[in-house]
**Q** 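Before I ask anything, let me first share the structure, which is written out below as structure tokens.
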Amino acid sequence: MRRLLERFDRAFFAEAPAERLAILRLLVGGFALVYLCVRAAHLQRVGHLPPESFRPIGVVSALSAPLPLWAVRGLVAAAIAAGAAFVAGYRFRAFGPVFGALLLWVLSYRSSWGMVFHTENLLVLHVIALALAPAADAYALDARAARRAGAAPPEPDGRYGWPIRLLCAITVLAYFIAGITKLRNSGLAWATSDILRDIIAHDNVRKLALGDTHSPLGGALVRYPFLFPPLASATLALELGAPLALFSRRIAVVFCGAAWLFHLGVLLTMAILFPYPLLGVAFAGFFELEKMRDLRRPRRAGPPPASRRGGEAPLGRRSERR
């Protein structure tokens, strides 16, 4: 058990550069901020809904009645302001947790009116994880102020590594829970029957009846029953095998690509958009993002090798090596 704990400690608290964690803050926080701004009017519109439609979930369960409209608008505005500070890395120790809490509240409040938006869960969990980490020690206003005060640039450290591992663990756990849920609800029949086909057909028929956006491709594919057991089996394998991505970089790359294709398939067959994973932000923690900066730098041309100069290395250089 002691060896197991030591291996876990070395893996989970492995050193990572502050720049990688900061880039994750910019990507995840930037997505959350844009998401809030784009949906601000929609998030405030719930203040006009009838009170009897209020069905509080999560942290909003503390309320027994809906908030007044001015409070709903104020919380959305406060979340956007805190999100801007989160992305900029300004007073991150204060505004980081504040943004995480406000994002959780605002999105939970929106989902407390009869329709739960599962597409937002992973985003909120990632923001909260970053909010509790030292994610503003690079590429941030806080970091710039620290350098001006004479602080040395941060070295790679385990305190920058564990939040990244936590983000990856949250990601694979979300998919793993989805797979377990399928087994609990349907058993292995999920992979061997027409359950997936029926879900796609029902979703598109319902949207057609309500005049909502549907998928013509999904409606066309349900005519071919043989397609769906293999697709259902692949989905189940992806979700149940997701934790393996934590133990191998190659498996992580395969998992990220397969999960992206899964969400693309959901969009094409059911017109359900998961923007966070489809844009790749949900999987950013699996990659060494700071190295992308090095790839963009042009390589300096070194001296041509001796074979191209038509002769051997100079005698003086040989002598130096001796």
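Everything numeric in this text was worked out from a predicted model, so none of it was measured.
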**Q** Between Asp137 and Tyr160, does any side-chain donor sit less than 3.5 Å from a side-chain acceptor?
**A**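 Distance-only check passes for Asp137 and Tyr160.
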**Q** For the residue pair Tyr109 and Phe54, does the interplanar ring angle fall in the parallel (under 30°), tilted (30 to 60°) or perpendicular (over 60°) class?
**A**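 Aromatic pair Tyr109/Phe54 classed tilted.
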**Q** Please identify which of these residues, Phe95, Phe92, Phe31, meets the ring pair (Phe, Tyr, Trp, His ring centres under 6.0 Å) condition with Phe86.
**A**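 Answer after filtering Phe95, Phe92, Phe31: Phe92.
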**Q** Among side-chain atoms of His118 and Ser111, is any donor-acceptor pair under 3.5 angstrom?
**A**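 There is no such pair (donor and acceptor under 3.5 Å, judged by atom type) between the side chains of His118 and Ser111.
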**Q** Examine distances only and state if a side-chain atom of Arg197 and a backbone atom of Phe228 form a donor-acceptor pair shorter than 3.5 Å.
**A**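 Not at all, since once roles are kept as given, no pair shorter than 3.5 Å links the two residues.
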**Q** Go through the steps to decide whether Phe262 and Phe274 satisfy the test ring-ring contact (aromatic ring centres under 6.0 Å, His included), and finish with yes or no.
**A** CA-CA 10 Å; Phe262 163 76; Phe274 284 77; 7.5 Å; no
**Q** Is it true that Glu15 and Arg159 make a salt bridge, defined as a side-chain N closer than 4.0 Å to a carboxylate O?
**A**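 No, this pair does not count.
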**Q** Verify the distance criterion only: is there a donor paired with an acceptor across the side chains of Arg45 and His48 at less than 3.5 Å?
**A**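 Note: Arg45 and His48 side chains miss the donor-acceptor criterion.
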**Q** Quick one: is the NZ or CZ of Arg20 closer than 6.0 Å to the six-membered ring centre of Phe287, and within 45° of its axis?
**A**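 Cation-pi check for Arg20 and Phe287: fails.
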**Q** Would you please say whether a donor-acceptor pair under 3.5 Å links the side chains of Tyr276 and Glu120?
**A**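 Not at all, the side chains of Tyr276 and Glu120 share no donor-acceptor pair under 3.5 Å.
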**Q** Can His126 and Phe283 be said to form a ring-ring contact (aromatic ring centres under 6.0 Å, His included), step by step?
**A** CA-CA 11 Å; His126 280 181; Phe283 311 115; 9.0 Å; no
**Q** Quick one, Leu183 and Leu240 - any side-chain contact, counting heavy atoms below 4.5 Å?
**A**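 Touching, per the 4.5 Å side-chain cut-off.
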**Q** Evaluate the side-chain proximity of Leu236 to Lys182: yes if any heavy-atom separation is below 4.5 Å, no if none is.
**A**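 Yes, side chains in contact.
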**Q** List the atom of Leu107, the atom of Leu36, and the distance in Å for their closest heavy-atom pair.
**A**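 Distance-wise, the nearest heavy atoms are CD2-CD2, 4.4 Å.
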**Q** Taking side-chain contact (heavy atoms from CB on, under 4.5 Å) as the criterion, tell me which of Val124, Leu130, Leu123 meets it with Val127.
**A**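 Checked Val124, Leu130, Leu123 against Val127; only one passes side-chain contact (heavy atoms from CB on, under 4.5 Å): Leu123.
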**Q** Closer than 3.5 angstrom, by distance alone: can the side chain of Asp142 be matched with the main-chain N or O of Arg91 as a donor-acceptor pair?
**A**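 Between the backbone of Arg91 and the side chain of Asp142 there is a qualifying donor-acceptor contact (under 3.5 Å).
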**Q** Going by distance alone, is a donor N or O of one side chain under 3.5 Å from an acceptor N or O of the other, for His214 and Arg206?
**A**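 Side-chain D/A pair, His214 to Arg206: absent.
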